[in-house]
There are 2 protein chains.
Amino acid sequence: MQKTVQKRTLKTRARLIEAAEGVVAQNGYEALRVEQVVQTAGVAKGTFFAHFRDKDALMEIMMGQRLNACLDQAEATTRPTTVSTIIAALEPVHGFMMSERYVFDLLIRYSGATGIAEIGPIATCFERYFRVVVMWLEDAQVRKDVPAEMLAEGVQAFAIQAMSLKFCALHSATSFTDRLDAYLTAWLTPAA
Amino acid sequence: MQKTVQKRTLKTRARLIEAAEGVVAQNGYEALRVEQVVQTAGVAKGTFFAHFRDKDALMEIMMGQRLNACLDQAEATTRPTTVSTIIAALEPVHGFMMSERYVFDLLIRYSGATGIAEIGPIATCFERYFRVVVMWLEDAQVRKDVPAEMLAEGVQAFAIQAMSLKFCALHSATSFTDRLDAYLTAWLTPAA
DNA sequence: ATTTTTTATTGACCGTGGTCAATTTTTGAT
DNA sequence: ATCAAAAATTGACCACGGTCAATAAAAAAT
């Protein structure tokens, strides 16, 4: 009982994603409407949902691609060993995450797997972010009383916290980079 | 040009919130439908939106109340001075935050003020959480090389991280409390 | 009291995400 | 080539949050 995939399926799917990417390029992620995507792609609405569970599933795919590209960039830098170089290396990733509030919210919501064995593109990206940071930290000038894995989880937590505060009217005084720098210095190289 | 508020307004608003609370008590937050709330309250749909900007605004009010009650509980404990007692004191708060995935997501989304001078009930609660933890940390057995304010922001960040991972299929092995304990020990009382 | 102005309520209507039985297209067997 | 089974597509339809011009009720002015 194999379910053969027709080549037209792949074509339709590609057309949908292409159309969606065009819409996003023009108006951003938040303004994307399924109706506009299917019209641009020249298919019926039902077709969209035959290809993607829901609108968020398409968002996950598109944002996952962008995130992976940003992570490629991050990994292409010379291996950072200090707090400030780590932050600099992650700049493309964080930049995209903060590009739109809608993007940030959606990324956070899907950063963990939603169901059992149901790990989506965004959760995968967060896992990759984590692994990259672990790798960097393993031979960086940081505290060694705690495993690199935990340090990396902390980096992620602090990055999200700094991004959150960036969107927050109350704490908009300090810049994202300055705040993250202070957090990570205290976390990775404690003085007491 | 004062806009006088009629007493019937307050009554209608109270009826709406009461109705909403009943619905939530029965089916949880996620299942709440505006239609059901207005039916229970015996008003028209338009009235709902004359009282609350949108459905989320009502959610914010209800969750804010619950959160404040949890924070009252937290503050009623004998002032915690160690990592484990801090975690224990915050248990009611974290418990509510993790009670439903929908609740967690919404809280995170509104944890920062959404607009300038537009600080809502949930953001206020997060501010209170922060203040309470600062107060505790000020005379707790923790590192002093970093201001208590930053330590408290870290506590919040790690708590959110631990809650996120709790909802995540990948990392469900470690319990929330154990994970948060490890985080906070490393953050508040570093050994190197 | 009567009129005017302000405030609150109403419900028909809209936008948008999502569903599903019916239809069309493709595939594979004969 | 023909036909039956499987897969993909369609579009009318639904659910639900949210809007707004019309109406009703209350408060203020006369």
Side-chain angles (χ1 to χ4, degrees), chain A residues 1-20 23-24 26-63 102-103 105-106 109-110 114-115 118 120, chain B residues 1-20 23-24 26-63 102-103 105-106 109-110 114-115 118 120:
Chain A
M1 201 208 216
Q2 88 261 358
K3 44 156 59 182
T4 54
V5 224
Q6 307 176 0
K7 57 269 178 189
R8 120 182 112 148
T9 307
L10 301 171
K11 236 164 124 177
T12 305
R13 187 190 162 91
R15 276 232 308 288
L16 280 167
I17 293 182
E18 197 183 355
V23 172
V24 167
Q26 203 150 23
N27 306 342
Y29 287 91
E30 178 154 27
L32 182 139
R33 295 287 170 270
V34 172
E35 193 65 52
Q36 192 180 355
V37 171
V38 297
Q39 256 168 27
T40 307
V43 301
K45 206 179 196 177
T47 303
F48 181 96
F49 294 97
H51 285 264
F52 310 101
R53 186 193 356 264
D54 52 26
K55 181 176 151 174
D56 282 359
L58 172 66
M59 289 293 184
E60 272 209 89
I61 290 168
M62 289 195 293
M63 292 186 192
Y102 174 84
V103 169
D105 287 344
L106 197 138
R109 189 145 31 93
Y110 289 103
T114 41
E118 184 63 38
Chain B
M1 203 211 216
Q2 87 260 357
K3 44 157 59 183
T4 55
V5 230
Q6 307 176 0
K7 56 269 175 192
R8 115 181 116 149
T9 307
L10 300 170
K11 236 165 123 178
T12 305
R13 186 190 162 92
R15 275 233 308 290
L16 280 167
I17 292 182
E18 197 183 353
V23 172
V24 167
Q26 203 149 26
N27 307 351
Y29 287 92
E30 177 154 28
L32 182 139
R33 295 286 171 272
V34 172
E35 193 66 50
Q36 192 180 355
V37 172
V38 297
Q39 257 168 26
T40 307
V43 300
K45 205 176 193 179
T47 303
F48 181 97
F49 293 99
H51 285 266
F52 310 101
R53 187 191 359 265
D54 51 24
K55 181 176 151 174
D56 281 359
L58 172 65
M59 289 292 183
E60 272 209 271
I61 290 168
M62 289 194 293
M63 292 187 192
Y102 175 83
V103 170
D105 287 343
L106 197 137
R109 188 141 34 89
Y110 288 103
T114 40
E118 182 64 39

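Below, read A as the first sequence line, B as the second, and so on, with proteins coming before strands; counting in each chain starts at 1. Fair warning: this is a prediction, and the values are worked out from it, not measured in the lab.
Looking only at side-chain heavy atoms (C-beta outward), V5(A) and R13(A) stay at 4.5 Å or farther from each other.
Mapping V43(B) and D56(A) onto DNA chain C by nearest heavy atom places V43(B) at the nucleotide closer to the 5' end.
Taking the salt bridge (Lys or Arg N to Asp or Glu O under 4.0 Å) definition, one finds that D105(A) meets it with R101(A), sequence neighbours left out. Shown here are the side-chain hydrogen bond (donor to acceptor under 3.5 Å, both in side chains) partners of Q6(A), two or more places apart in sequence or in another chain: R8(A). Not counting sequence neighbours, the partners of A31(B) by the side-chain contact (heavy atoms from CB on, under 4.5 Å) test are N27(B). Scored by the side-chain hydrogen bond (donor to acceptor under 3.5 Å, both in side chains) test, D56(B) finds R109(B), Y110(B) as partners (sequence neighbours excluded). Listed by chain and number, the residues in a side-chain contact (heavy atoms from CB on, under 4.5 Å) with V103(A) are Y29(A), M63(A), F96(A), S99(A), E100(A), L107(A) (sequence neighbours excluded).
Here the nucleotide nearest the side chain of A44(B), chosen from dG18(C), dG18(D), dG11(C), is dG11(C). For H51(B), the side-chain atoms get nearest to dT9(C) when compared with the rest of dT9(C), dT9(D), dG17(C).
Taking 4.0 angstrom as the limit, T12(A) places a side-chain polar atom (N or O) nearer than this to OP1 or OP2 of dT9(D).
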Tabulate protein N/O versus nucleotide N/O from nucleotides 21-26 of chain C, keeping only pairs under 3.5 Å, one per line.
none

Please tabulate the protein-to-nucleotide N/O contacts below 3.5 Å involving nucleotides 12-16 of chain D, giving atom names and distances.
unit_1, atom_1, unit_2, atom_2, d
dC16(D), OP1, R33(B), NE, 3.1

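Across the protein-nucleic acid pair, K11(B) atom NZ and dA26(D) atom C1' stand 14 Å apart, rounded to whole Å. One can place CZ of R53(B) at 15 Å from C1' of dT19(D), the figure rounded to the nearest angstrom. Residue F48(A) contributes atom CZ, which lies 14 Å from atom P of dT16(C) at whole-angstrom precision. Nucleotide dG18(D) holds its P atom 10 Å from the CE atom of M59(B), rounded to whole Å. In this entry the distance linking CD of Q39(B) with P of dG17(D) reads 12 Å, nearest Å.
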Please output the side-chain donor-acceptor pairs of residues 33-51 of chain A that fall under 3.5 Å, not counting sequence neighbours, one pair per line with the distance.
unit_1, atom_1, unit_2, atom_2, d
T40(A), OG1, Q36(A), O, 2.7

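Nearest heavy-atom pair, L32(B) versus A20(B), reported as atom, atom and distance to 0.1 Å: CD1-O, 3.9 Å. Contact record, K55(B) with Y102(B): CE-OH, 4.0 Å, taken as the closest heavy-atom pair.
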